[in-house]
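Counting begins at 1 with the first residue of the sequence. Computation of the quantities below employed the complete heavy-atom set of this structure, encompassing side-chain atoms and omitting hydrogens, waters and symmetry-equivalent molecules. Nothing here was measured: the structure is a model prediction, and the numbers come from that model.
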Amino acid sequence: MPSSTKHRFLQEHGFWDYTTPAAGGMEHYKLDDYRLLFDDMQSAGMNSLAISIKWFTTGYRSRLPFLDQNPKNRVIASDNELLHQVFDEAGRRGIAVWLSAVGSMYLPSKMKSPATAVGYWEGFGSFEYAIYDLDSREATDHAVAMFAEIVTLFPRAHGLVVEIEASGKLMPHRIPLYNRWARENGYPRFDKMGQMECRIPPLKPWRDYTTTRRVELSKRIEKTVRQAGFRGQYMMLCETGWQQYLIAQEVNVEMYHKACPKWSVLSYEAAYNKARNRYGAMEMAVEEPKNAGAVTYYLPRGVMSWVSGMDRWPLPITLEDSWKLDLEDIADYQPSGVWWFGSGGLRRGLHVDPARLRKVGFATCRDARLALLKMIRESSR
């Protein structure tokens with residue numbers, strides 16, 4: 001169902017948000033809040049919603065022992081009934097619902113593999129989390145099991161988005177594994193790569209290696225969910241990274257697309273700062289995967305302010321100007337789909353802070369959402 005805006009190349013257009021505890025997204029939504037969101041979306045011709053139900057934390061009722069289960073989470077407390085009602089409402093309105101999950105973050109207390117990083121968030125129902133790379137068979141087994149459970153619980157999902165956030169970092173324990181792969185595939189050895197601390201090392205051999213691991217995981221997930229009866233679509237979130245003087249695509253998207261031709265690619269503008277490196281970021285996020293032949297979706301900043309420490313606030317440019325620039329870039333670079341990151345949370349969380357939005361003129365998060373949707377409607381004229 002194409003978008004009704006002038007951007008008729010958009011096959012899907014909507015929001016991306018989270019049911020996971022602490023995100024500051026949909027975790028506090030009741031059914032009427034979802035209905036109101038759908039009303040607002042339809043006013044702008046939107047036809048798609050991506051819901052992330054597993055990030056640092058878990059936002060659906062799971063029977064998997066390695067996933068956290070906060071009993072105060074609305075979806076968990078309803079034993080997933082709330083999410084099934086959301087599918088009902090979306091179906092009546094012709095809105096496609098995708099489900100997203102992060103397969104690289106788990107509770108360190110329940111893992112045996114060495115973690116790439118361990119963090120602790122306070123103030124949002126404090127929790128510890130750890131990031132694992134795709135050289136961990138334990139982590140990849142967990143990811144496959146999680147998506148198998150998701151399609152069993154929610155067979156009406158239009159598609160699945162696989163995210164393995166921060167899993168590409170180069171760590172000392174990965175060097176022997178890389179070197180073995182390099183010998184087998186004709187790549188140079190990098191015995192001293194462990195001293196590189198950046199998230200996306202600017203080395204093509206390493207990018208090819210981590211892309212190979214993504215391909216392996218993607219094929220395992222696809223095979224498993226197909227066997228479970230899932231007939232929807234697949235998408236890999238391909239991260240961009242920003243460092244001083246450098247914007248990089250973490251994935252060799254040409255290699256990935258050739259190996260997984262049925263999988264679409266979702267990416268974003270590095271650092272969510274339209275005031276800096278705008279065109280380089282769009283090249284990495286949209287132009288590169290499109291040139292590789294992949295169906296490409298884009299994830300711009302929606303009603304998203306982050307919380308303190310995540311970025312400077314207010315932004316170097318206004319939120320409205322950020323939206324305006326993204327609308328221009330969407331028209332210029334023409335992705336196949338767009339999900340605006342943040343639909344308007346009800347309480348403070350990691351992705352949105354209503355107090356921050358009030359300081360820049362929005363009485364509520366929904367007011368910010370309506371302002372964005374107004375700009376989208378006006379861009380169609």
If you measure only the distance, is there a donor-acceptor pair under 3.5 Å linking the side chains of [X] and [Y]?
{"X": "S113", "Y": "S136", "answer": "yes"}
{"X": "S43", "Y": "D40", "answer": "no"}
{"X": "E138", "Y": "Y106", "answer": "no"}
{"X": "W263", "Y": "H257", "answer": "no"}
{"X": "E149", "Y": "S62", "answer": "yes"}
{"X": "Y256", "Y": "S218", "answer": "yes"}
{"X": "E165", "Y": "W55", "answer": "yes"}
{"X": "Y209", "Y": "D135", "answer": "yes"}

Same cluster (ILVMFWY, side-chain, under 4.5 Å), [X] and [Y]:
{"X": "L64", "Y": "V75", "answer": "yes"}
{"X": "F9", "Y": "L327", "answer": "yes"}
{"X": "L36", "Y": "I95", "answer": "no"}
{"X": "L370", "Y": "I376", "answer": "no"}
{"X": "L299", "Y": "L325", "answer": "no"}

Quick one: does any side-chain atom of [X] pair with a main-chain N or O of [Y] as donor and acceptor, under 3.5 Å?
{"X": "R231", "Y": "R226", "result": "yes"}
{"X": "Q249", "Y": "M284", "result": "yes"}
{"X": "K30", "Y": "R74", "result": "no"}
{"X": "R213", "Y": "G168", "result": "no"}
{"X": "T140", "Y": "L134", "result": "no"}
{"X": "S336", "Y": "Y297", "result": "no"}
{"X": "E378", "Y": "L373", "result": "no"}
{"X": "E269", "Y": "Y272", "result": "yes"}
{"X": "T211", "Y": "N252", "result": "yes"}
{"X": "D79", "Y": "R61", "result": "no"}

Answer yes or no: are there more than 12 heavy-atom neighbours, outside R347 itself, under 6.0 Å from its atom CZ?
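Not more than 12 within 6.0 Å, no.
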More than 12 heavy atoms of other residues, nucleotides or ligands under 6.0 Å from NZ of K359: yes or no?
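Atom NZ in K359 is not crowded, with 12 or fewer foreign heavy atoms closer than 6.0 Å.
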Please find the pair of heavy atoms, one from [X] and one from [Y], that lie closest to each other, and give the distance.
{"X": "V253", "Y": "C238", "value": "CG1-SG, 4.3 Å"}
{"X": "T240", "Y": "S267", "value": "CG2-OG, 3.4 Å"}
{"X": "A96", "Y": "E12", "value": "CB-OE1, 3.9 Å"}
{"X": "I164", "Y": "S104", "value": "C-OG, 3.1 Å"}
{"X": "E283", "Y": "Y333", "value": "N-CE2, 4.4 Å"}
{"X": "T210", "Y": "R207", "value": "OG1-O, 3.1 Å"}

Check [Y] with [X], please: is the shortest side-chain N to carboxylate O separation under 4.0 Å?
{"X": "R278", "Y": "E328", "answer": "yes"}
{"X": "K274", "Y": "D321", "answer": "no"}
{"X": "R92", "Y": "E89", "answer": "yes"}
{"X": "K169", "Y": "D133", "answer": "no"}
{"X": "D208", "Y": "K204", "answer": "yes"}

E287 and K290: salt bridge (charged side-chain N to carboxylate O under 4.0 Å, His left out), yes or no, with the steps?
CA-CA 5 Å; E287 188 170 344; K290 281 185 63 178; over 6 Å; no
For this output row, return yes or no: ring centroids of F147 and F230 closer than 6.0 angstrom.
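Not under 6.0 Å, so no.
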Residues E163, L266; criterion side chain to side chain contact (heavy atoms under 4.5 Å, CB included); working and verdict
CA-CA 9 Å; E163 182 175 0; L266 171 67; over 6 Å; no
As an exercise, state the distance from [atom1] of [X] to [atom2] of [Y], rounded to the nearest 0.5 Å.
{"X": "Q85", "Y": "Y34", "atom1": "CD", "atom2": "OH", "result": "10.5 Å"}
{"X": "M304", "Y": "L372", "atom1": "CE", "atom2": "CG", "result": "12.0 Å"}
{"X": "L315", "Y": "E320", "atom1": "CG", "atom2": "CD", "result": "10.0 Å"}
{"X": "D68", "Y": "I76", "atom1": "CG", "atom2": "CD1", "result": "6.5 Å"}
{"X": "W323", "Y": "I330", "atom1": "CH2", "atom2": "CD1", "result": "13.0 Å"}
{"X": "D33", "Y": "M26", "atom1": "CG", "atom2": "CE", "result": "10.0 Å"}

4.5 Å side-chain heavy-atom contact, [X] and [Y]:
{"X": "T318", "Y": "V360", "result": "no"}
{"X": "F56", "Y": "L350", "result": "yes"}
{"X": "M146", "Y": "Y60", "result": "yes"}
{"X": "Y29", "Y": "L346", "result": "yes"}
{"X": "K54", "Y": "M105", "result": "yes"}
{"X": "E184", "Y": "R180", "result": "yes"}
{"X": "V215", "Y": "K219", "result": "yes"}
{"X": "L237", "Y": "S100", "result": "no"}

Worked check of side chain to side chain contact (heavy atoms under 4.5 Å, CB included) between T57 and N73
CA-CA 10 Å; T57 54; N73 180 268; over 6 Å; no
Look at the aromatic rings of W339 and W98 and report parallel, tilted or perpendicular, splitting at 30° and 60°.
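If you compare the ring of W339 with that of W98, the planes turn out perpendicular.
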H351 vs F341 aromatic rings, parallel, tilted or perpendicular, using cut-offs 30° and 60°?
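Ring orientation, 0 to 90° scale: perpendicular.
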Let's go through K258 and E254 carefully: what are the C-alpha distance in whole Å and the side-chain angles of both, what is the deciding distance for salt bridge (charged side-chain N to carboxylate O under 4.0 Å, His left out) to 0.1 Å, and is it a yes or a no?
CA-CA 6 Å; K258 286 181 178 178; E254 182 177 7; 3.5 Å; yes
Side chain to side chain contact (heavy atoms under 4.5 Å, CB included) for Y268 and E239? Distances and angles first, verdict last.
CA-CA 7 Å; Y268 50 78; E239 300 89 337; 3.0 Å; yes
Let me see the working for V303 and F362 under side chain to side chain contact (heavy atoms under 4.5 Å, CB included), right down to the final yes or no.
CA-CA 10 Å; V303 184; F362 299 110; over 6 Å; no
